[in-house]
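Here the structure is laid out as structure tokens; the discussion comes afterwards.
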2 protein chains.
Amino acid sequence: MAEGRTGISGENLLFLTDEQLRQGIEAMFFAYRGFTADPDRILSELAYGRAHHRAIHFINRAPGTTVNNLLDILGVTKQSLNRVLRTLIEDGLVESRVGQADKRERHLFLTEQGKALEQRLSDAQRTRMRAAYRDAGPEAVAGFRMVLEAMMDAEMQQTYTRLKETGI
Amino acid sequence: MAEGRTGISGENLLFLTDEQLRQGIEAMFFAYRGFTADPDRILSELAYGRAHHRAIHFINRAPGTTVNNLLDILGVTKQSLNRVLRTLIEDGLVESRVGQADKRERHLFLTEQGKALEQRLSDAQRTRMRAAYRDAGPEAVAGFRMVLEAMMDAEMQQTYTRLKETGI
DNA sequence: CTTGGAATGTCAACAAGGCTGACGTAAACT
DNA sequence: AGTTTACGTCAGCCTTGTTGACATTCCAAG
């Protein structure tokens, strides 16, 4: 390769070494544990799991969403989601309303009680996130977001962006 | 508060709004799916799961590690780890040697076959990671790492750093 | 030297939450 | 009328987490 003194394509690509990548992989592994630790503690008190948290989060995020839409977002099977939704509905945290335009659809909403738990969970998660963001600073956060987005599949990126921009 | 025109403590803290935090949370959720997607595909061919991947990764990372040490790193119960280790040993991917100094300890090593699978898994994961890193650029990567580290518990941070620096 | 406690690892049984496959119902579409 | 779509459910499986009981080994105090 007839390149400059940095070796490859005129840029310093040392951040792409296997060692750097492995550190990133391990950081991702440990950080995700931290990311879920606080909500997990709250959930275990209530005999719920992460699956319940995810459902609650996205129903809060897109109230009136249909089951199918939620399936797309969560990327699980309907049997799996259904089990979780059933308990949430039985426990009065989620309300399921038959669609007006299309009566096959069920639109999902959080009840007051559901909103209360959502608040509690997301407060816990945001508190840690906020501390991490503050420690790292705004530029680090921008980089953090860029790498995470680049790590998603095309489909997830679409879902993520749609959710971010329109809330649907 | 008698601060500058940005309102709080002279810095622009718009990156700490709840909306920004929620986007970060969702990015983390979707990115982690991407992060595990490629190894998951390989593992499902072999009737293994993520737990096997984690064990293989860290045994490769710290050959000769004891079960207890691995438990600390992985943050699961020993019974849970043991089941995974047992299948890996039965399948000839991991070797367990009784400790010389302390015969209660078992020291874990990857066999050739185990190393081969580790390579296959980490190649898949690194490929995606490398693409994400390259897309985002070195500064973004530095920020990514900073935020992830700030998101860990103190204990995990210690483990992570120790592993990063000494490999033990 | 013995003995009791601590440390290390194994086995058994259970629960959560993924998965597939099959089936039923109601509504919408063509 | 016939097909497709949206949703719910039953049955059964697997992975991976949990707790409890148990065997082995080490070490230190008596």
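Chain A is the first sequence line, chain B the second, and so forth, proteins listed ahead of strands; every chain is numbered from 1.
The CD atom of Glu155(B) sits 8.0 Å away from atom CG of Asp72(B), with the distance rounded to the nearest 0.5 Å. In this structure, Phe35(A) CZ and Phe29(B) CZ are separated by 8.5 Å, a value rounded to the nearest 0.5 Å. To the nearest 0.5 Å, atom OH of residue Tyr160(A) and atom CD of residue Glu165(A) are 9.5 Å apart. To the nearest 0.5 angstrom, His52(B) atom NE2 is 11.5 Å from Leu121(B) atom CG.
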Show the distances under 3.5 angstrom between N or O atoms of the protein and N or O atoms of nucleotides 23-25 of chain D.
unit_1	atom_1	unit_2	atom_2	d
dT25(D)	O2	Arg104(B)	NH1	3.4

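Atom-to-atom, CZ of Arg97(A) to P of dC7(D) comes out at 16 Å; the value is rounded to the nearest Å. Atom CG in Leu70(A) sits about 15 Å away from atom P in dA6(D), given to the nearest Å.
Looking at Thr65(A) and Phe58(A), their side chains never come closer than 4.5 Å, going by heavy atoms from C-beta outward.
Of the residues Leu85(B), Leu110(B), Leu88(B), the one that meets the side chain to side chain contact (heavy atoms under 4.5 Å, CB included) test with Leu93(B) is Leu88(B).
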For a quick check, with a 4.0 angstrom heavy-atom cut-off, what is the B/S/- contact string for nucleotides 9-21 of chain D, read 5' to 3'? BB----SBBBBB-
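Residues Ala101(A) and Leu71(B) each lie close to DNA chain C; by heavy-atom proximity, the contact nearer the 5' end of the strand is made by Leu71(B).
Using a 4.0 Å cut-off between charged nitrogen and carboxylate oxygen, Arg120(B) and Asp123(B) do not count as a salt-bridge pair. The residues Lys115(A) and Glu118(A) are annotated as not salt-bridged, no charged nitrogen and carboxylate oxygen being separated by less than 4.0 angstrom. A salt bridge links Arg128(B) with Asp153(A): at least one charged nitrogen is closer than 4.0 Å to a carboxylate oxygen.
Of the residues in residues 32-41 of chain A, not one comes within less than 4.0 Å of DNA chain C through any heavy atom.
In the model, His57(A) has a side-chain atom that pairs as donor or acceptor with a side-chain atom of Glu26(B) under 3.5 Å.
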